[in-house]
There are 2 protein chains.
Amino acid sequence: MTKRPTLQDVADAVGLSPATVSYALRGQRGSAETRARVQAAAEALGYQVDPIARALANGRSGTLAVLCGSTRDTWHRALATDLVRALIARDRRALLTDADGDADRERALLDLLAEQRADGLLVAALDPFAPHWEEVARSTPLVAIGDRLAEAPSASAVVFDNAAGFALVVDHLAALGHRRLLVLLPERPSTPDRPAETSVREAARARGLTVELLRVPPAGADPDAPIERVAAALVRTGATAVFCLSDGYAFDVLRAARRSGLRVPDDLSVVGFEDVEEADLVGPGLTTVSWDHEQVVETAVTMLLDALDHHTGPSVAVIAPRLVVRGTTSRPPAAR
Amino acid sequence: MTKRPTLQDVADAVGLSPATVSYALRGQRGSAETRARVQAAAEALGYQVDPIARALANGRSGTLAVLCGSTRDTWHRALATDLVRALIARDRRALLTDADGDADRERALLDLLAEQRADGLLVAALDPFAPHWEEVARSTPLVAIGDRLAEAPSASAVVFDNAAGFALVVDHLAALGHRRLLVLLPERPSTPDRPAETSVREAARARGLTVELLRVPPAGADPDAPIERVAAALVRTGATAVFCLSDGYAFDVLRAARRSGLRVPDDLSVVGFEDVEEADLVGPGLTTVSWDHEQVVETAVTMLLDALDHHTGPSVAVIAPRLVVRGTTSRPPAAR
DNA sequence: TTGAAAGCGATACCAG
DNA sequence: CTGGTATCGCTTTCAA
């Protein structure tokens, strides 16, 4: 196995200096004729820049990173892999890392990525309130996905119009005659903007619905405990519909319902706040709010590449919700 | 923002040469006393090795890579992210890349990973027959997952005992009284060992079942076409059970069945050859063959790290199947 | 337009 | 046990 050719080899081949070859190869200098000659020689030798040497020399690694708060969650897992795929499809090298639900690890990975000279970051943050985001965003183009990063004005973001999503769900359920709504939301606040709690309450009030809030730990932490609590809450409150704000919990609720002998959607409407691929096959029908996956990915990637290539400043894109109705009961509360 | 301290800075601080410091920090040399002093100084300065400089100097990047044939497939996606998570959990840096169903890209990514000096590879190969695997495996510890790499004796592998899986499925269906089996398998052969086709036929013959084979394109390629073909094949052959070998097609079959007005499992048994997280919620019940995910991940990661740390030679681990029965009809063929 | 030379931040060989 | 010093392969001033 013969060694890979280096810049020097190419230089020797064309009788120029490595510097000149370097510039020529990147199209930064040289007469058209020189460039062509260099290109040809490089091609002939099968020369490829060594990304590591380049990174050491100029501080850029040529690699973008996707940092995911937790790939345990189906939707985030799909998002993360789609982002990587989109980047690769645009001929960028991309790597995916996963904080696995641990905020400390999120921080550690961030340091790691800095060390690795990641040129840009796509982040589904675990803790959007963490102060360190601004420091990172200041030195590296960064696009947050899902929620704005509270303390990082330098970061771009692709955010979901949660309030609009809530309104969509509440409208839908109200129109079907539901009066009591059980809302599952994450234990820790996650949106830097108006708290989900407030928005949901407000939307519900506008439609005359009663809301019961149930805070659940992040998905995957302890899969069983919350199911029991959900089942209990359903019985206790007599809610006829469950709205799952915490990503990934709609499936758990379906499991809980099944255990409790509740039929979905005949006895209970379940609405998720995301739209995973398998939702159409799950149970007899799970209604979800969908944030057009492709649009999210496309927007985020475009933002990042723009920032990278054209040094555009930070910006925020808002993704509108769409309701995908796959089964909700309209049985009025009196009938139960 | 002050510059990160370098090895030189630490050396200056303790009055030693960078070489000595480098060795001391890695615990390769130096009296206990020297090491302690160096450690302390490094700590005090907040020194962290620069992985890029290190990679350039010694050819190792300190990063392991997971190369996935296609993250479009739910099961592979889960596998890939789980592998990354497992590696990170063991304090390794890991990156995930995705060939997205394109064999050429698989090859290109492999080159890329070589350039990036990946220290080890975990691979769910798209094309296990490709000759280039051996070249890669020869220079980098490599563990293949799912199938052996036909031409790469230097690579380790975690393989699924497909034949045993087939037997499990066929036994199960035969016991329920099924006589006609529709088997979906990938267009391209994927197992270097005995072809799936042969194994399935053999297992079926042993139980007196008739087998209809239907070759389908890889998941995600053209989501609609195969569904129609499946529906047609069901009607044409009068099969009472479908066995999906091609990963990810069980869900599509359920969709096809629904469109055709077939009820699962009352009219049709559907068996998948993997066990995705959501299988228990899908439809009224999807029976699957399960390859203990955790065991697969654990085994693969352990193999890779052993090869890395102890220079163990290539080995092969076989994962045994388990049948997860979630709903199959026992309606005898005569009743249809 | 081109080239010589100084980094970038470590590692590893080889003397002392 | 230590410490010069030559790499590793490329980028980038700065002169020519």
Side-chain angles (χ1 to χ4, degrees), chain A residues 1-39 41-42 45-63 93 111-112 114-119 139, chain B residues 1-39 41-42 45-63 93 111-112 114-119 139:
Chain A
M1 195 195 325
T2 168
K3 260 184 46 192
R4 283 169 37 117
T6 73
L7 205 55
Q8 184 64 250
D9 297 331
V10 181
D12 292 348
V14 293
L16 289 175
S17 80
T20 307
V21 172
S22 173
Y23 284 123
L25 247 25
R26 284 175 295 162
Q28 307 227 356
R29 270 200 198 173
S31 59
E33 191 265 324
T34 305
R35 286 191 203 178
R37 235 177 70 230
V38 172
Q39 297 272 14
L45 292 175
Y47 171 79
Q48 304 256 106
V49 281
D50 182 330
I52 302 245
R54 169 176 287 180
L56 183 60
N58 75 359
R60 252 175 298 284
S61 69
T63 300
R93 6 204 114 149
D111 291 345
L112 202 76
E115 276 173 18
Q116 304 268 28
R117 316 276 203 286
D119 294 347
S139 61
Chain B
M1 195 197 325
T2 167
K3 257 185 47 195
R4 283 169 37 118
T6 73
L7 203 57
Q8 186 61 250
D9 296 331
V10 181
D12 292 348
V14 292
L16 290 174
S17 80
T20 309
V21 172
S22 174
Y23 285 123
L25 247 25
R26 283 175 295 160
Q28 307 226 355
R29 268 200 202 177
S31 60
E33 192 266 322
T34 306
R35 285 192 202 176
R37 236 176 69 230
V38 172
Q39 297 273 13
L45 292 175
Y47 169 79
Q48 305 255 107
V49 283
D50 182 327
I52 303 246
R54 167 176 290 179
L56 182 59
N58 77 355
R60 253 177 297 284
S61 69
T63 300
R93 11 205 109 151
D111 291 344
L112 201 75
E115 276 174 17
Q116 302 268 26
R117 316 278 203 287
D119 294 346
S139 63

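Just so it is clear, the values below take in all heavy atoms, side chains as well, and ignore hydrogens, waters and symmetry mates. Note on naming: letters A, B, ... go to the chains in the order of the sequence lines (proteins, then strands), and numbering restarts at 1 for each one. Nothing here was measured: the structure is a model prediction, and the numbers come from that model.
- Here the range on DNA chain C touched by chain A, meaning any atom under 4.0 Å from one of its heavy atoms, is dT2(C) to dG9(C).
- With sequence neighbours excluded, no residue forms a salt bridge (Lys or Arg N to Asp or Glu O under 4.0 Å) with Asp119(B).
- A 4.5 Å side-chain heavy-atom check between Ser61(B) and Arg54(B) finds every atom pair outside the cut-off.
- Judged by closest nucleotide on DNA chain D, Leu16(B) is the one of Leu16(B) and Arg117(B) placed further toward the 5' end.
- DNA chain C is contacted by both Gln48(B) and Arg29(B); Gln48(B) maps to the nucleotide lying nearer its 5′ end (nearest heavy atom per residue).
- Using a cut-off of 4.0 Å between Lys/Arg side-chain N and Asp/Glu carboxylate O, Arg117(A) and Asp50(B) are scored as salt-bridged.
- Nearest approach of Pro5(B) to Leu45(B), heavy atoms of both residues: CG-O, 3.4 Å.
- Nucleotides of DNA chain D lying under 4.0 Å from heavy atoms of chain B occupy a range whose first and last members, 5' to 3', are dT2(D) to dG9(D).
- Side-chain atoms of Thr63(A) and Gln116(B), non-hydrogen and from C-beta on, do get closer than 4.5 Å to each other.
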Apply side-chain contact (heavy atoms from CB on, under 4.5 Å) to Val49(A) and Leu25(A), showing your working. CA-CA 10 Å; Val49(A) 281; Leu25(A) 247 25; 5.7 Å; no
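- Residue contacts shown for Arg54(B) are limited to sugar-phosphate atoms, with no base heavy atom under 4.0 Å away.
- One N or O on the side chain of Arg26(B) and one on the backbone of Ser22(B) form a donor-acceptor pair closer than 3.5 Å.
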Between Asp9(A) and Arg4(A), is the side-chain contact (heavy atoms from CB on, under 4.5 Å) condition met? List the steps. CA-CA 10 Å; Asp9(A) 297 331; Arg4(A) 283 169 37 117; over 6 Å; no
Go through it in stages, so that I can follow the logic: the residues are Glu115(A) and Gln48(B), the test is side-chain contact (heavy atoms from CB on, under 4.5 Å), and I'd like the CA-CA distance, side-chain angles, deciding distance and then a yes or no. CA-CA 9 Å; Glu115(A) 276 173 18; Gln48(B) 305 255 107; 3.0 Å; yes
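- Evaluation of the side-chain hydrogen bond (donor to acceptor under 3.5 Å, both in side chains) rule for Gln8(B) yields no partner, not counting sequence neighbours.
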Passes side-chain contact (heavy atoms from CB on, under 4.5 Å), Leu7(B) versus Tyr47(B)? Steps please. CA-CA 8 Å; Leu7(B) 203 57; Tyr47(B) 169 79; 3.5 Å; yes
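- Residue Val38(A) comes nearest to Val14(A) through the heavy atom pair CA-CG1, 4.3 Å, listed as atom of the first residue, atom of the second, then distance.
- Residues from residues 18-25 of chain A with heavy atoms under 4.0 angstrom of DNA chain D, sorted by number: Ala19(A), Ser22(A), Tyr23(A).
- In terms of modelled atom types and a separation under 3.5 Å, the side chain of Arg35(A) and the main chain of Arg29(A) share a donor-acceptor contact.
- Recorded end-axis angle for the helix from dT1(C)-dA16(D) to dG16(C)-dC1(D) stands at 40°, based on five pairs per end and rounded to 10 degrees.
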